[in-house]
Amino acid sequence: MAQHFLLSAESRTLSLKEIYKGGEEKAYDTFKRLRWASTQGEPVCPKCGCLDHYEIPTRRKFKCAACGAQFSVTSGSIFASRKLSFTDLLAAICLFVNGSKGMSSVQFSRDLDVQYKTAFVLSHKLREALSAETKDEILEGEVEIDGAFFGGTVRPTNRVEDRKDRRTKEHQSDRRRVVIALRERAGRTLTFIRHREAEGVEIARARMLAGSKLFADEANHWDALEADYASTRINHSESYSDGHGKHTNMVESYFSRLRRMVVGQHHHVSHKYLYQYANHAAWLEDHRRRSNGGNAFAILGGALNHPVSRIWAGYWQRGS
Ligand SMILES: [Zn+2]
C-alpha cells in the first residue's frame, strides 16, 4: 500500500528546528526573496517601483533613490508594523500550515509564546492572505456543490417537557449560518456564508463557467441549475456513489475537514468569523498534497504581496 502523503518525507520540507537554527538573518532573506520574487530578493520601492535604493542596514530599511520613500520588506503588506521577529513569524507560519485541522488561537499563542490577542490577529491575517488566492476564481469542468449548517446550536434542555422543536424556524438561533461550498474536482474549493442553502444557486451561476458539469444532491433548489449546467443528482438516501463518478464525495470531504476544525480546534465559532475558517479549511483541502514548506512559502509570499488588512490591522486598538 502506498504511504500516506502526510507520513512521507516529501511532505516535511520545513521545520521549527531548521528555522531557529537558521536565525534572524536567514529568515529575513526568505522574506526578501518572497516579497521581491521577480528581482530575486532585490528591493523594489513600493511607492514608485524603482530598483535603486540606499540601505539603512541597522534598521533593515531602504530609502528609494528616486522618490526618497523609506520602506522595509513588510511595508504596505499584511505584516506591516509587525511586532514579531522574522524567525518567529516564519515559525508561526510553519505551525499554521502544519495544523491540518486548523489552529486555535489559544494553542497558537502557547506554541509561539505570545499574547492571545497577538495570536488571534496573526492567524486571522494569515487566513485573509490565503483567501486572496481564490478571490476571482471561476470553476470549470466537474464541480460539486453542497451546503452545511454551522454555529448557533440551541442546546436541548434537561427536562423533556421543556424541550423545543429545534427543527422549527422560531427555535433556531439567529447565529446559525450555512456554508455553501463549490469544489472543482481537479481544482479549487470556493466557500460562501449565507442564511439559506438556496442562495447557492446564484453563487453557482456567478462562479461556474458555462458548459461545466454540476454534481449536487436532491435538494429542490438545485433544480434551477439544471438549465445552466449538465447536472448529475445524487440521492443520498439510496447510495453515496455509483462507482462511476456519480457522487459529491469531494465537497463532503471538504465539509468533514471544516467540521473537524470547528469541533476539534475552535469549539465555538462566531458567525462573524466563520468565513475565515471556511476559507482556511478549503485552502488546506486544496493544498493537502503539497509539502509543508511549499504551503508555508505560499502563505508568506501571499501575505507579503497582500495589502495591509482593513479588518485586522489595529483590530484590538479599535476595540471592535
Ligand atoms: Zn520610490
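Reckoned from all heavy atoms, side chains included, excluding hydrogens, waters and symmetry mates. Atoms within a ligand are numbered from 1 in the order they appear, just like the ligands themselves.
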With clusters built from Ile, Leu, Val, Met, Phe, Trp and Tyr whose side-chain heavy atoms come within less than 4.5 Å, directly or transitively, what are the remaining members of the cluster of Ile138, listed by chain and number? Leu209
If you compare all heavy atoms of Met208 against all heavy atoms of Tyr229, which two are closest, and at what distance to 0.1 Å? O-OH, 2.8 Å
Would you confirm whether the ring centroid of Tyr273 sits within less than 6.0 angstrom of the ring centroid of His280? no
Row check, Phe215 ring normal vs Arg185 NZ/CZ: under 6.0 Å, within 45°: yes
Return the set of residues passing side chain to side chain donor-acceptor pair (under 3.5 Å) with Asp29 (not counting sequence neighbours), or none when no residue passes. none
Proximal protein heteroatoms (N, O or S) of the Zn ion (ligand 1), under 2.8 Å: Cys45 SG, Cys48 SG, Cys64 SG, Cys67 SG
Would you mind listing every salt bridge (Lys or Arg N to Asp or Glu O under 4.0 Å) that reaches into residues 124-139, with sequence neighbours excluded? Glu133-Arg188
